[in-house]
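Numbers restart at 1 for each chain; the letters A, B, ... are given by sequence-line order, proteins then strands.
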Amino acid sequence: MKKFTCIVCPISCSLAVQAEGGGDITVTGSKCDRGKAYAKDEYLAPKRVITTTVKIDGADIALLPVIGTAPVPKELLRTCLRHLYGIKVTAPVRMGDVIERDILGSGVDIVAARSAVIKKG
Amino acid sequence: MREITADIAVVGGGPAGMSAALRACGLGAKTVLIERDAALGGILNQCVHDGFGLLRFKKQMSGSQYAQQFADAVYESSASVMTETTVLKLIPGECGSKAQSRQGLYTTGEKTGGALIRAGAVILAMGCRERPRQQAGIVGSRPAGVLTAGAVQKYINVEGYLPGRKAVILGSGDIGLIMARRMTLEGIDVAGVYEIMPSPGGLRRNVAQCLDDYDIPLRLSSTVTEVHGKKRVEGVTVADVDAARHPIPGTEVFVPCDLLVLSVGLIPENELSRDAGIEMDPVTGGPVLDNFMMASVPGFFAAGNVSAVFDLVDYVSDTGEAAAEGACRFLGGEALPEYVTVRAGDDVSFVLPGKIRRDLPSSALYMRVKRTIENAVLEILADGKPVYEKKHPIVTPPEMVTARFHESAGSGVPDAGGLTVRILGD
Ligand SMILES: Cc1cc2nc3c(=O)[nH]c(=O)nc-3n(C[C@H](O)[C@H](O)[C@H](O)COP(=O)(O)OP(=O)(O)OC[C@H]3O[C@@H](n4cnc5c(N)ncnc54)[C@H](O)[C@@H]3O)c2cc1C
Ligand code: SF4
């Protein structure tokens with residue numbers, strides 16, 4: 001049995017994963033199905049959601065917060081972040097605009113996590 | 001001086017203020033929302049990490065997404081928004097005939113100029129601020145490089161500036177944990193997190209995903225005793241502490257670093273409220289409230305972190321809506337029912353709100369527990385008799401516990417007996 005703290009929401013359920021014969025996995029301790037899915041992933045192939053900022057030109061803000069549309073495998077996280085440091089976007093941006101499609105072939109899009117208008121003056 | 005009139009004035013445009021303004025508009029009140037920053041969103045604008053909105057929207061959002069969603073809705077609503085405007089002083093009106101009483105708010109702003117806002121009701125949503133260094137009790141010189149976790153978050157996420165190369169974090173509050181991960185990913189070496197208490201100050205999920213994921217050591221029952229360096233931090237002395245939280249001689253270790261990050265807690269920002277003569281609760285650090293979120297001065301309401309420090313933004317938004325509903329009821333001139341006092345019983349450090357008006361369909365209670373208890377039962381007693389019971393697999397101090405309580409169960413309870421909320425272990 002392996003134990004995890006669910007990180008999907010701040011309730012932080014204590015999850016226990018039990019691998020049964022025949023490849024079945026049972027999860028106990030979760031308050032919801034998201035926690036079950038998280039524990040299975042964490043047991044088989046851990047994933048994390050990318051959140052960071054990218055540079056933005058001509059906006060009322062200096063950095064644009066971005067987020068992945070789905071989690072990426074944990075080991076890809078740092079490479080993805082390094083890739084995003086090299087990216088610069090230009091205002092205006094609407095929340096949800098795709099900043100990087102299919103980042104490093106992971107199947108996950110990176111989208112703007114807020115809007116930015118063109119700086120006045 | 002320019003004068004602006006409104007039914008409801010909301011002070012602060014974070015999630016609490018935005019949801020209060022939206023609900024107030026929805027209920028037909030002429031609403032003005034005042035925010036000192038250039039953008040709405042409050043503290044969420046510097047929270048680029050995810051973990052927001054799961055309860056409300058059933059999906060994982062980052063702080064900025066949650067804020068943008070509400071800000072868009074506010075700008076589409078009938079609320080008039082005054083950004084880059086600070087409320088300087090609150091003047092509670094004469095309360096002869098309640099509906100007519102007018103509260104005053106003195107504001108200032110570069111663009112909006114000095115203005116007096118007159119409103120029938122005021123919703124306080126100023127959020128909280130971080131405890132400064134003095135309260136961390138560190139001795140030594142005062143070199144550059146000692147910052148609160150929130151300040152580091154703002155430097156990195158908003159301004160795009162790395163405030164150091166090697167960091168030590170004092171305190172394991174959530175912002176500190178989030179910043180341990182963020183700094184690591186940004187290339188700042190995090191030597192460790194030192195926590196004076198025997199258990200982490202932040203949520204368990206944050207210990208798991210911010211420290212364990214990156215092998216950042218968390219040292220419980222330890223603290224920073226001295227800061228070294230003349231102009232710039234050159235290192236800190238850390239030591240283990242005993243049960244009374246005093247450093248244990250002989251356990252001191254020097255840790256080289258150029259940045260000391262303080263994550264030693266948050267305090268509701270209530271200078272304005274205190275100055276207006278609003279009664280404060282010494283435990284929550286916020287105003288004493290009823291379940292309309294109304295404070296001791298009639299017509300003044302509070303929501304979000306100004307009322308008590310919340311760890312979940314979803315609850316913050318709920319309190320904003322409750323405050324707006326209360327304010328509209330107040331404006332309608334409806335006589336408010338009597339209240340019963342809600343007391344914190346065994347293992348509960350506080351319950352918000354501390355008073356419940358009688359004969360309401362249901363009301364949310366938010367509380368913090370004193371210690372970690374597994375297989376806990378939350379019990380509400382009316383005049384000593386149990387009227388509500390809810391099981392919780394685990395309750396911990398960093399995680400707020402909530403209950404939706406139907407007061408009818410306790411109707412007729414004499415206020416002398418009141419309601420008591422307690423947590424029982426197995
Ligand atoms: C680092 C960090 C991580 C967090 N992580 C999570 C998480 O993962 N999930 C989650 O659900 N919650 C999380 N939270 C908690 C949640 O985000 C907060 O509880 C919530 O944002 C508080 O909202 P608020 O509106 O009460 O206060 P704030 O967001 O602080 O807003 C207060 C606003 O009032 C304005 N103001 C103050 N005084 C005045 C004045 N005199 N005049 C005009 N304006 C004024 C301020 O400028 C500010 O914009 C986190 C919080 C922090 C700080
Ligand atoms: S199992 Fe569900 S409720 Fe529990 S922490 Fe995970 S997401 Fe939250």
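Heavy atoms closer than 4.5 Å to chain B are found nowhere in A:Phe4, neither backbone nor side chain. Looking at A:Arg78, only its side chain comes within 4.5 Å of chain B, counting heavy atoms on both sides. Heavy atoms closer than 4.5 Å to chain A are found in the side chain of B:Ala39, but not in its backbone. Of the atoms belonging to A:Ile50, not a single heavy atom falls under 4.5 Å from chain B. Residue A:Arg82 does not touch chain B at all, counting heavy-atom pairs closer than 4.5 Å. Proximity to chain A is limited to the side chain of B:Tyr214, based on heavy atoms less than 4.5 angstrom apart. Heavy-atom distances place both the backbone and the side chain of A:Leu63 under 4.5 Å from chain B. For B:Asp212, no part lies near chain A; criterion is any non-hydrogen pair under 4.5 Å. Both the backbone and the side chain of B:Gln209 have a heavy atom closer than 4.5 Å to some heavy atom of chain A. The part of A:Lys74 that comes within reach of chain B is its side chain, from C-beta onward, which places non-hydrogen atoms under 4.5 angstrom from that chain.
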| task | Given salt bridge (Lys or Arg N to Asp or Glu O under 4.0 Å), test A:Lys120 with A:Asp60 step by step and report yes or no. | result | CA-CA 8 Å; A:Lys120 289 176 223 108; A:Asp60 58 338; over 6 Å; no
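Among the candidates B:Asn157, B:Asp213, B:Leu55, B:Asn206, the residue making the largest number of heavy-atom pairs closer than 4.5 Å to chain A is B:Asp213. Chain B forms the most heavy-atom pairs under 4.5 Å with one residue out of A:Thr5, A:Leu81, A:Ile61, and that residue is A:Thr5. With chain B as the partner, the residue from A:Ala113, A:Ala62, A:Pro65 showing the most heavy-atom pairs under 4.5 Å is A:Ala113. Here B:Val158 is the residue among B:Val158, B:Thr396, B:Asn45, B:Ile394 with the most heavy-atom pairs under 4.5 Å with chain A.
Taking the side chain as every heavy atom from C-beta outward, B:Thr372 and B:Pro397 approach each other to under 4.5 Å.
Neither side chain, A:Gln18 nor A:Thr28, offers a donor N or O lying under 3.5 Å from an acceptor on the other. Using modelled atom types, one finds no donor on one side chain facing an acceptor on the other under 3.5 Å when comparing B:Ser62 with A:Thr51. Counted by atom type alone, B:Tyr66 and B:Ser317 present one or more donor-acceptor pairs between their side chains at under 3.5 Å.
Within 6.0 Å of NZ in A:Lys2 there are 12 or fewer heavy atoms belonging to other residues, nucleotides or ligands.
A salt bridge is defined here as a Lys NZ or Arg NE, NH1 or NH2 lying under 4.0 Å from an Asp or Glu carboxylate O, and A:Arg48 with A:Glu42 meets this definition. A salt bridge links A:Arg101 with A:Asp109; the closest basic N to acidic carboxylate O contact falls under 4.0 Å.
Each of B:Asp311, B:Thr284, B:Val348 was scored for a side-chain contact (heavy atoms from CB on, under 4.5 Å) with B:Arg368, with one residue passing: B:Asp311.
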